[in-house]
Participant: 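Okay, here's the structure, questions in a sec.
Start at 1 and go down the list; that is how both ligands and their atoms are numbered. We count residues from 1, following the sequence as given.
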Amino acid sequence: MNRKITLFIFVSILLIGSAVAQETKDVEARINEIISQLTLEEKVALCHAQSKFSTPGVERLGIPEIWMSDGPHGVRGEINWDNWGYAGWTNDSITAFPALTCLAATFNPNLSHKYGVAVGEEARYRKKDILLGPGVNIYRTPLNGRNFEYMGEDPYLASIMVVPYIKGVQQNGVATCVKHYALNNQELWRGHINVEVSDRALYEIYLPAFRAAVIEGGAWSIMGSYNQFRGQHCCHNELLLNKILKTDWNFDGAVVTDWGGAHNTKQAALYGLDIEMGTWTDGLTSSQSFAYDNYFLANPFLKMLKSGEIDVKVLDDKVRRILRLMFRTNMNPDRPLGSLNTQAHLDVARQIASEGIVLLKNTENFFPLDANKKMTIAVIGDNATRMMTIGGGSSELKAKKEISPLEGIQNRFKNATILHSMGYAAGPSAYGRVIPSKFNADSLKNAAIETAKKADIVLFMGGLNKNHEQDCEGGDRQSYALPYNQDALIAELLKVNPNLGVVLVSGNAVAMPWTSTVKGIMQAWYLGSETGNALADVLSGDVNPSGKLPFTFPVKLEDNAAHSFGKLSYPGDSINQYYKEDILVGYRWHDTKKIVPQFAFGYGLSYTNFSIADIQINKNEFSAGDKIVVQCNVQNIGNRAGAEVVQVYVGKLKSKVARATKELKGFSKVYIEKGGTAKVEISIDIKDIAYYDETLKSWNIEKGDYEIHVGNASNNIVKKLKITVK
Ligand code: BGC
């Protein structure tokens, strides 16, 4: 490069760098100036709610209120000021984006950025300063009711996928609030269960995605979780908040409670909490109207500050963090205006939805279905018409539109005769309770069998839904099996029409005893506004599926690591829960213990075939500071364009500590035309193959031999290469 150009770039970087530093200094100076003008009462007021989803400003100084909204799949409808009812506004319908499990299944960080930008624009237009999401709790058990809101079982995948989402949202001047920090892996006793987990599993499995969200994503706020960790609630937890988050990771944003997650004034004051939300307003167990002054960080906090029991510096640190968040959001005069319900947002939703769908089985090329053909398709199942933006708890949405699977199929398959039969019925969704359906199960089943008899093809659209004890907050699933007797129904349908494919709508793995008997299986998640269209895109072959599973589907529940250790491991004894599987979560467990899953992490088929060849590595011996660079050629050897995800896993041979056989350390998704070849390069920092050494209380790059596994699924490794770390 020309020396003048190099000098110009260098000087520009310096200037930009110093401008940013100056801006930061200015903001910090302004924050100090504001703090000096605030009364003690005004400062305390900033630290707690004034309504269900807002905190007060300072009227005297023009400091605005902070408005928040759930997250993470769209901007939730307006909730009443002082109770959980919907406010009935007419301007709060939005675009529903696919659930985060679907986003994770795309293995496409660019789509995560598009998702963040789009949902951030909607949040901005809806005048929200904080979007409560994304969620990155690790998928530990298929029974957890909230897995659908998270990004799967692998800390590396979740870390890579969460960062662009955060950047996308925040470029709109809207803060993300990454949740639920940390170890909220069950809903059943989430409010009080104490999680006991080793340091190693904490640092290697449960924290990396939060760390990436903070350090690489630059998240402006984080939400503490309901549960306890080592005897302290996570919303005021000395280790998680003061030490790890605010000291080790240098987090400069605000810690927000989960709604009702604060339990003690002194701990809330001293152990890292900044903003208290959703507390039962008598401070105990039941709600009192308009009693926000009773919050732990309200009058009781003020009293302790006045008496000198708590130093004002503690308060000032919280206020400084809150004001910093405001300068990034509602006090930033340059933030964009946002937009709502645009075609661009629907396009993003549809693209993510269709790219996240995972093709699990495809005997005799059952899929795609030819949309030009005159044929009769029987669409059977409650999920063919069920609105999935409704229910599920706090992630529920008021979608401006939601195309059902049936509608999407009817629109795309115009030459076909589409028959529909419910087959089974789930009952309406309600928070915290199950309302059984009033339909007669036998009649529904018999009608479905009759419908299936008349069809050339049966598409069974089942799975879970957003009802209590399904994929829903506030409860866990009661069983790993599909609910509402779907297994028996599938068996009956197969008897009359074996030309049957299953579309599973769920955010969780389920038992699939019919896997070998059906022709095709598609994992379709919760897809948001464009559900039916995206599904029809993949069913018809307009889009070639390229999603990969972000978590393992075990054959049976006991094959899952957490469950194999019995009740104390999940759900615990109602006081404590012990993560006995330690670091062996998900595929790490299945691989290491050689337990073959129903469907493996990272697995997903395409309508074309790929060959991964010429796999090479930059060298065989590495030292600290080096990069492992894996190169390969991926050839599309099938009949249509498609995308493949090359996955690189690393395993330590003969380790001095317990290790998983292999761990995902890099991946790359490539789109390749029919007959084409793509060169893929994946690089891994040696520091990223370190394990967390409990004796050193730090990361340790163990010397010796490692195996690099390259493939397109955790259970389909094309080549293993040996390297040595000196
Ligand atoms: C959920 C959070 C949510 C909050 C506000 C809580 O019950 O756990 O994820 O953001 O409510 O709705």
Side-chain angles (χ1 to χ4, degrees), residues 48-55 66-87 92 94 99-101 119 123 126 128-137 144-151 162 165 169 174-193 209-210 213 219-228 233-235 254-263 273-281 285 287 292 295 389-398 430-432 466 468 471-476 507:
H48 63 84
Q50 63 168 1
S51 75
K52 280 278 173 250
F53 282 96
S54 71
T55 57
I66 296 179
W67 279 87
M68 315 179 186
S69 170
D70 283 303
H73 307 140
V75 189
R76 192 178 183 183
E78 291 300 327
I79 302 285
N80 284 331
W81 189 272
D82 196 47
N83 66 53
W84 282 106
Y86 280 101
D92 57 349
I94 44 72
L100 293 191
T101 39
V119 73
R126 287 267 314 275
K128 303 303 176 195
D129 309 310
I130 304 181
L131 184 69
L132 303 171
V136 283
N137 293 93
N144 179 8
R146 286 189 95 170
N147 282 334
F148 72 99
E149 288 184 67
Y150 306 140
M151 295 189 175
V162 75
Y165 180 114
V169 171
V174 174
T176 52
C177 188
V178 184
K179 62 195 190 181
H180 306 87
Y181 182 71
L183 301 157
N184 183 178
N185 305 104
Q186 64 159 287
E187 289 296 290
L188 183 65
W189 294 318
R190 64 174 177 172
H192 63 267
I193 195 78
F210 288 102
W220 295 336
S221 70
I222 199 162
M223 185 188 290
S225 60
Y226 281 130
N227 52 286
Q228 303 188 50
H233 273 99
C234 294
C235 287
V255 174
V256 182
T257 55
D258 199 340
W259 269 231
H263 298 269
L273 179 62
D274 301 306
I275 301 179
E276 180 187 359
M277 300 297 296
T279 308
W280 292 110
T281 43
T285 49
S287 195
Y292 298 92
Y295 270 37
T389 51
I390 295 169
S394 58
S395 63
E396 173 170 79
L397 294 171
K398 184 172 168 186
Y431 189 69
K466 297 291 190 66
H468 184 57
D471 281 323
C472 184
E473 183 186 340
D476 284 344

Participant: Is there a side chain to side chain contact (heavy atoms under 4.5 Å, CB included) between I94 and L397? Walk through the geometry before answering.
Facilitator: CA-CA 8 Å; I94 44 72; L397 294 171; 4.0 Å; yes
Participant: Quick test: of every protein heavy atom, which one is nearest to atom 7 (O) of ligand 1, and how far off is it to 0.1 Å?
Facilitator: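 Looking only at protein heavy atoms, the one closest to atom 7 (O) of ligand 1 is E473 OE2, 2.6 Å.
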Participant: Please check if any side-chain donor atom of R190 sits under 3.5 Å from a side-chain acceptor atom of H180, or the reverse.
Facilitator: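 No.
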Participant: Using a 4.0 Å heavy-atom threshold (strictly under), name the region of H180 that reaches ligand 1: side chain, backbone, both or neither.
Facilitator: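 Side chain only.
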Participant: Under 4.0 Å, heavy atoms only, figure out whether ligand 1 is touched by the backbone of R190, its side chain, both or neither.
Facilitator: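 Looking at R190 and ligand 1, just side chain atoms fall under 4.0 Å.
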Participant: Do T101 and Y150 touch side chain to side chain, with heavy atoms closer than 4.5 Å?
Facilitator: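 T101 does not reach Y150 side chain to side chain.
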Participant: For the 3.5 Å polar cut-off, considering only N or O atoms, please tell me whether W259 and ligand 1 meet it.
Facilitator: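 Not met; the criterion fails.
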Participant: Please list, in number order, the atoms of ligand 1 under 4.0 Å from a heavy atom of F53.
Facilitator: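 Matching atoms, with element in brackets: 5 (C), 12 (O).
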Participant: Please tell me if the side chains of Q186 and I193 come closer than 4.5 Å, counting only heavy atoms from C-beta onward.
Facilitator: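 Sidechains of I193 and Q186: in contact.
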Participant: Go through the steps for W189 and Y226 under the test ring pair (Phe, Tyr, Trp, His ring centres under 6.0 Å), then give the verdict.
Facilitator: CA-CA 9 Å; W189 294 318; Y226 281 130; over 10 Å; no
Participant: Please list the nearest protein heavy atom to atom 12 (O) of ligand 1 with its residue and the distance rounded to 0.1 Å.
Facilitator: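 Going atom by atom, the protein heavy atom closest to atom 12 (O) of ligand 1 ends up being D70 OD2, 2.5 Å.
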Participant: After noting the C-alpha distance and the side-chain angles of K179 and D70, does the key distance pass the salt bridge (charged side-chain N to carboxylate O under 4.0 Å, His left out) rule?
Facilitator: CA-CA 11 Å; K179 62 195 190 181; D70 283 303; 3.3 Å; yes
Participant: Hey, are Y292 and D82 close enough side-chain-wise for a donor-acceptor pair under 3.5 Å?
Facilitator: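 Yes - a donor-acceptor pair under 3.5 Å links their side chains.
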Participant: Give a yes-or-no answer on whether the side chains of Q50 and T55 include a donor-acceptor pair shorter than 3.5 Å.
Facilitator: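 On atom types as modelled, these side chains do not qualify, holding no pair under 3.5 Å.
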Participant: Closer than 4.0 angstrom: is that true for some heavy atom of M277 and an atom of ligand 1?
Facilitator: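 Per 4.0 Å heavy-atom rule, M277 does not contact ligand 1.
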Participant: Counting from 1, what ligand 1 atoms have a heavy atom of K179 closer than 4.0 Å?
Facilitator: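 Those of ligand 1 that fall under 4.0 Å from K179 are 2 (C), 3 (C), 9 (O), 10 (O).
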Participant: Taking only heavy atoms of S394, which atoms of ligand 1 are found under 4.0 Å from at least one of them?
Facilitator: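 Under 4.0 Å from S394, ligand 1 has these atoms: 1 (C), 2 (C), 3 (C), 9 (O), 12 (O).
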Participant: Taking only non-hydrogen atoms of M223, do any sit less than 4.0 angstrom from ligand 1?
Facilitator: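 Yes, M223 has a heavy atom closer than 4.0 Å to ligand 1.
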Participant: Around atom 4 (C) of ligand 1, find the nearest protein heavy atom and jot down its residue, atom name and distance.
Facilitator: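 Residue, atom and distance for the closest contact: D258 OD1, 3.5 Å.
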Participant: Can you name the atoms of ligand 1, numbered from 1 with element, that are less than 4.0 Å from a heavy atom of L132?
Facilitator: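 Answer, ordered by atom number: 10 (O).
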Participant: Under 4.5 Å between any side-chain heavy atoms of H73 and F148, yes or no?
Facilitator: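 With C-beta onward as the side chain, the pair touches.
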Participant: Under a 4.0 Å heavy-atom limit, does R146 contact ligand 1 with its side chain, its backbone, both, or neither?
Facilitator: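 Side chain only.
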Participant: Identify, by atom number and element, the atoms of ligand 1 in contact range of R76, meaning under 4.0 Å from any of its heavy atoms.
Facilitator: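 Numbered from 1, ligand 1 contributes 12 (O).
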